[in-house]
Amino acid sequence: MSEIHIAGRVVINLWRILRHEVTLNVYTFENVAYHVLHQREPLFSFKQLSTWYKQPAHKNRWRVIEFYLTRVNGNLAIMKQLDLIGQTSEFARVFGIEFYHVLSRGSQYRVESMMLRIAKPMSLIAVSPSVQQRAQQKAPECIPLTLEPQSRFYSNPVIVLDFQSLYPSIMIAYNYCFSTCLGRVENLAHAHEGMFDFGCTSLGIDPKQLKDLRNDITISPNGVVFVKSKVRRGILPIMVQDILNTRIMVKKSMKLNKEDKALERLLHARQLGLKLIANVTYGYTSASFSGRMPCIEVGDSIVRKARETLERAISLVENTKKWGAEVVYGDTDSLFILLKGRSKEDAFRIGQEMCDAVTNDNPKPIKLKFEKVYLPCVLQTKKRYVGFMYETPDQKEPVFDAKGIETVRRDTCTAVSKILERSIKILFTSRDISAVRNYVQSQCKKLIDGRANIQDCIFAKEYRGMAGYKPGACVPALEIARKNLVVDRRSEPRVGERVPYLIVYGPPGLPLIQLVRKPDIFLSDPSMRLNATYYITKQILPPLNRIFALLGVDVFKWYQDMPRSTKVAPVAPVNVAQKKGMISQYFSTMNCAICEELTKNNVCDACRRDPQNVVTTLNTKISKWERAFNSISQICASCQGVPQDNQNCTSLDCPLLFRLHRGKQDMVKAEQYREFIAKLF
DNA sequence: GGTGCGACCTAA
DNA sequence: TTAGTTAGGTCGCACC
């Protein structure tokens with residue numbers, strides 16, 4: 001990790017650590033100093049430094065010394081600002097591992113450190129499966145619930161509720177652990193036949209003992225049996241409970257010690273460490289790729305129970321008529337609830353009522369927490385949304401809160417995120433689309449005229465090293481590394497380093513990769529111009545359009561309408577949100593029955609005009625559905641039944657049944673489409 | 001022109 | 001010689 005080793009000393013590679021500590025576009029010393037210390041530091045070339053150093057009479061040597069001193073002191077200042085040493089020490093204490101191991105080793109090591117301390121007094125030892133055993137473990141079958149959002153602009157309050165530490169809470173509430181798991185129900189029926197598969201190894205249960213236990217077990221929704229805590233309290237529940245309790249204590253203590261800044265920092269580090277370890281405990285159980293003791297039965301049960309918990313919460317919210325609420329989105333442990341025609345104050349009150357109701361509906365310590373109210377907001381797709389956030393009823397000014405969209409991503413340049421954020425803010429505050437249009441057009445003009453800030457147009461992406469790419473990969477960072485190597489073989493970027501680049505104009509038809517330039521090359525060559533067309537049509541407009549198309553606005557048209565002679569007319573790409581066919585509150589549109597484009601009619605004009613194309617499109621769809629249907633295996637994995645005649649499978653949650661159901665729906669659709677084609681001619 | 005794949009980065 | 005997980009969206013290119 002540190003690349004430098006000194007016996008008896010801990011050597012810290014600050015740059016590598018900062019990659020995890022702060023999210024930045026580039027991790028050069030200057031950039032980190034600017035963002036963490038809020039100080040501008042100069043960067044001189046080696047050539048310049050050498051010149052100064054070698055000048056006669058050492059006239060400028062002090063500059064070189066000062067330059068390096070600034071860096072040394074700056075590094076220390078950065079570490080101090082982030083409380084790196086304090087935090088690492090505290091983590092070491094909380095997890096019970098060495099200081100250096102906090103930085104150098106992964107989260108499995110942390111979990112094991114805590115878990116084995118509890119296991120040993122109970123005379124339990126950990127299984128250590130071989131690589132082969134791990135590879136032969138059953139594949140996971142359960143996935144968290146992520147609802148398809150109703151993708152549109154919401155002018156009414158949307159409240160966001162989420163379960164507090166859901167996975168740890170589930171372990172505690174239902175006593176899910178390696179040490180309490182009896183395996184799958186279907187295996188227990190044959191327990192008298194001997195050992196059966198369990199996790200990476202196998203398990204044998206004495207049938208007589210099993211009979212005595214029959215009233216002291218619970219069965220997870222995916223059919224895995226656990227003993228209740230009166231039989232044996234699981235190690236993971238004990239550990240996680242301990243962690244969560246301690247965290248609550250630490251947080252209380254933080255409130256009491258607000259004056260003592262040093263103590264407060266220490267306590268903050270402590271509670272953060274506790275939170276991290278609680279969250280990765282689940283990851284440990286389902287680390288099927290690299291884990292040292294994964295157990296799919298335990299991991300899957302946690303996910304499946306969490307899913308069930310969220311589903312129950314959704315139905316409770318939607319079926320309580322007095323709230324008049326509608327769940328519009330949810331992911332793993334969160335609920336987004338639309339309250340039509342309610343005020344912000346109502347939202348806070350009702351949201352709290354919902355939290356209390358759902359919390360009461362679940363065993364301790366599962367708790368639904370009021371997170372925030374969005375007013376207004378846009379739900380774009382799964383895991384992508386943005387809104388004006390209020391966290392308390394008396395908060396006057398909202399906070400801009402974005403998840404997953406380009407304002408928080410590092411794979412676009414700053415110009416994109418700045419323009420997107422500004423546009424959304426204009427929309428949210430003024431609700432005036434023409435104001436947004438004016439702003440966007442003025443920014444495009446700036447780019448076209450070459451007045452844009454070049455700093456804002458720099459992309460930076462992580463370099464994976466020469467061996468990190470598939471042959472033929474077309475990646476700017478790799479391209480630049482290759483070019484660097486030609487000049488100086490020491491100048492290859494480090495693995496994990498974020499490599500900056502720009503896109504310049506070139507002759508038409510050239511692939512994008514050949515328009516990639518390093519910033520210093522770009523600056524030193526006056527003939528190079530920023531590729532304004534690329535920046536506008538490929539970077540700035542598409543993310544804007546993903547938001548504003550939901551309001552029925554065509555952002556690309558704004559660009560085309562700009563008074564300018566030499567512009568290139570861009571083609572608006574069809575994005576997922578459009579495909580999914582939002583019905584915005586401003587326009588009544590629907591999806592074309594054939595191509596799923598937005599249309600005012602049942603079938604869009606394009607499909608109407610070209611019947612042959614329609615036939616091809618539909619036939620492709622039909623064959624896809626049929627393939628999918630035929631691929632469904634006919635033996636239900638969880639109930640071992642034959643679900644063709646739905647009678648044999650009693651479990652409503654049976655995943656195969658679900659897939660069959662979907663498959664049948666698809667087949668019905670295929671049939672309808674066949675009829676449609678027949679009618680067409 | 002559609003599709004599949006690789007690359008990147010984020011949500012949870 | 002050590003590594004927590006999966007889901008999801010988007011872009012650019014190669015291929016058919």
Side-chain angles (χ1 to χ4, degrees), chain A residues 1 23 25 101 104-112 131 134 139-149 151 160 162-163 165-167 276-296 298-300 302-303 306-307 310 329-334 371 380-385 402-412 416-417 459-464 468-479 496 498-499 503 510-516 534 537-539 542-543 545-546 571 573-577 579-580 595 613 616-617 620-621 624:
Chain A
M1 192 193 82
T23 15
N25 223 355
H101 287 165
S104 62
R105 308 216 34 187
S107 29
Q108 295 204 59
Y109 191 72
R110 300 178 179 184
V111 174
E112 279 165 2
V131 177
R134 185 175 66 203
E141 288 168 356
C142 305
I143 52 169
L145 178 64
T146 309
L147 300 180
E148 188 65 56
S151 167
V160 181
D162 66 18
F163 285 100
S165 309
L166 182 58
Y167 286 3
L276 293 181
I277 194 80
N279 284 337
V280 295
T281 309
Y282 154 73
Y284 186 83
T285 64
S286 44
S288 47
F289 169 66
S290 62
R292 273 189 292 268
M293 191 174 71
C295 180
I296 194 62
V298 177
D300 254 6
I302 297 170
V303 174
R307 191 185 166 108
L310 184 60
Y329 179 57
D331 186 354
T332 312
D333 65 349
S334 63
E371 195 65 24
Q380 201 174 300
T381 56
K382 287 178 174 178
K383 299 183 192 286
R384 289 183 172 221
Y385 52 89
K403 297 283 151 123
I405 64 169
E406 284 72 7
T407 56
V408 293
R409 295 182 67 84
R410 289 181 293 175
D411 47 4
T412 53
V416 174
S417 48
F459 299 91
K461 286 178 191 169
E462 246 182 42
Y463 175 64
R464 295 186 183 175
Y469 295 97
K470 289 265 158 104
C474 175
V475 181
L478 182 60
E479 203 62 22
R498 297 184 67 88
V499 179
I503 304 292
L510 224 55
L512 188 61
I513 192 74
Q514 295 188 30
L515 304 179
V516 169
Y534 172 79
T537 62
K538 296 288 179 189
Q539 294 293 329
N545 200 46
R546 284 192 272 276
V571 185
V574 182
N575 61 55
V576 175
K579 280 183 186 156
K580 281 169 189 157
C595 66
N613 184 34
T616 326
T617 316
T620 326
K621 275 188 185 175
K624 215 185 223 173

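These values consider heavy atoms only, across backbone and side chains, with no hydrogens, waters or symmetry-generated copies. Lettering follows sequence order; numbering is per chain, from 1.
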Parallel, tilted or perpendicular: which describes the rings of A/Tyr167 and A/Tyr282, with under 30° parallel and over 60° perpendicular? perpendicular
Testing the basics here: between [X] and [Y], what is the closest heavy-atom pair and its distance to 0.1 Å?
| X | Y | answer |
| --- | --- | --- |
| A/Val416 | A/Glu406 | CG1-CB, 4.3 Å |
| A/Phe459 | A/Asp411 | CD2-O, 4.1 Å |
| A/Gln108 | A/Tyr284 | OE1-CE1, 3.5 Å |

My understanding is that only residues two or more places apart in sequence, or in another chain, count here; which of them pass salt bridge (charged side-chain N to carboxylate O under 4.0 Å, His left out) with A/Arg292?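 By the salt bridge (charged side-chain N to carboxylate O under 4.0 Å, His left out) rule, A/Arg292 matches A/Glu112.
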Dot-bracket notation for DNA chain C is requested: 5' to 3', Watson-Crick or G-U wobble pairs only, both distances under 3.5 Å, with ( ), [ ], | and . as defined. ....||||||||||||
Nearest whole Å is fine: how far is [N] [atom2] from [X] [atom1]?
| X | N | atom1 | atom2 | answer |
| --- | --- | --- | --- | --- |
| A/Arg307 | C/dA7 | CZ | C1' | 12 Å |
| A/Ile296 | C/dT6 | CD1 | C1' | 11 Å |
| A/Lys382 | C/dT10 | NZ | P | 12 Å |
| A/Leu512 | C/dC11 | CG | C1' | 10 Å |
| A/Asp300 | C/dT5 | CG | P | 15 Å |
| A/Tyr284 | C/dT6 | OH | C1' | 19 Å |
| A/Ile513 | C/dC13 | CD1 | P | 7 Å |
| A/Met293 | C/dG4 | CE | C1' | 13 Å |

[X], nearest nucleotide to its side chain (from [options]):
| X | options | result |
| --- | --- | --- |
| A/Gln380 | C/dT10, C/dT6, C/dG12 | C/dT10 |
| A/Pro511 | C/dC13, C/dG9, C/dA3 | C/dC13 |
| A/Arg292 | C/dC13, C/dT10, C/dA3 | C/dA3 |

Return a single string for nucleotides 7-12 of chain B, one symbol per nucleotide in 5' to 3' order, where B is base contact, S is sugar-phosphate-only contact and - is none, cutoff 4.0 angstrom on heavy atoms. SBBSBS
A/Ser151 side chain to A/Gln380 backbone, donor-acceptor under 3.5 Å: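 Yes: the side chain of A/Ser151 pairs with the backbone of A/Gln380.
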Does the A/Arg307 side chain pair with the main chain of A/Ile143, one donor and one acceptor, at a distance under 3.5 Å? yes
Report yes if at least one side-chain N or O of A/Arg546 is closer than 4.0 Å to OP1 or OP2 of C/dC11; otherwise report no.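 A/Arg546 to C/dC11 OP1/OP2: side-chain N or O found under 4.0 Å.
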If the cut-off is 4.0 Å, is A/Ser290 near the phosphate of C/dT5, judged by side-chain N/O to OP1 or OP2?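 For A/Ser290, the contact criterion (side-chain N or O under 4.0 Å from OP1 or OP2 of C/dT5) is met.
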Trace of the side chain to side chain contact (heavy atoms under 4.5 Å, CB included) decision for A/Ile277 with A/Val111: CA-CA 7 Å; A/Ile277 194 80; A/Val111 174; 4.1 Å; yes
Would A/Tyr463 and A/Leu478 count as a side chain to side chain contact (heavy atoms under 4.5 Å, CB included) if you check the C-alpha gap in whole Å, the side-chain angles of each, and the deciding distance to 0.1 Å? CA-CA 7 Å; A/Tyr463 175 64; A/Leu478 182 60; 4.1 Å; yes
Residue closer to the 5' end of DNA chain C, A/Ile143 versus A/Tyr282 (nearest nucleotide):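 Result: A/Tyr282.
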Comparing nearest nucleotides in DNA chain C, the 5'-proximal residue of the pair A/Ser288, A/Glu406 is A/Ser288
Taking any heavy-atom pair under 4.0 Å as a contact, classify A/Ser286: base, sugar-phosphate, or nothing.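 Sugar-phosphate: the residue A/Ser286, judged by heavy atoms under 4.0 Å, touches backbone atoms but no base.
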Base, sugar-phosphate, or nothing for A/Phe163, non-hydrogen atoms under 4.0 angstrom?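 If one applies the 4.0 Å heavy-atom cut-off, A/Phe163 turns out to touch nothing in the nucleic acid.
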Using side-chain heavy atoms (C-beta onward) and a distance below 4.5 Å, is A/Tyr469 in contact with A/Val475?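 The answer is yes, as the side chains (C-beta and beyond) meet within the 4.5 Å cut-off.
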Roughly how far apart, to the nearest Å, are B/dA12 and C/dG4 at atom P? 22 Å
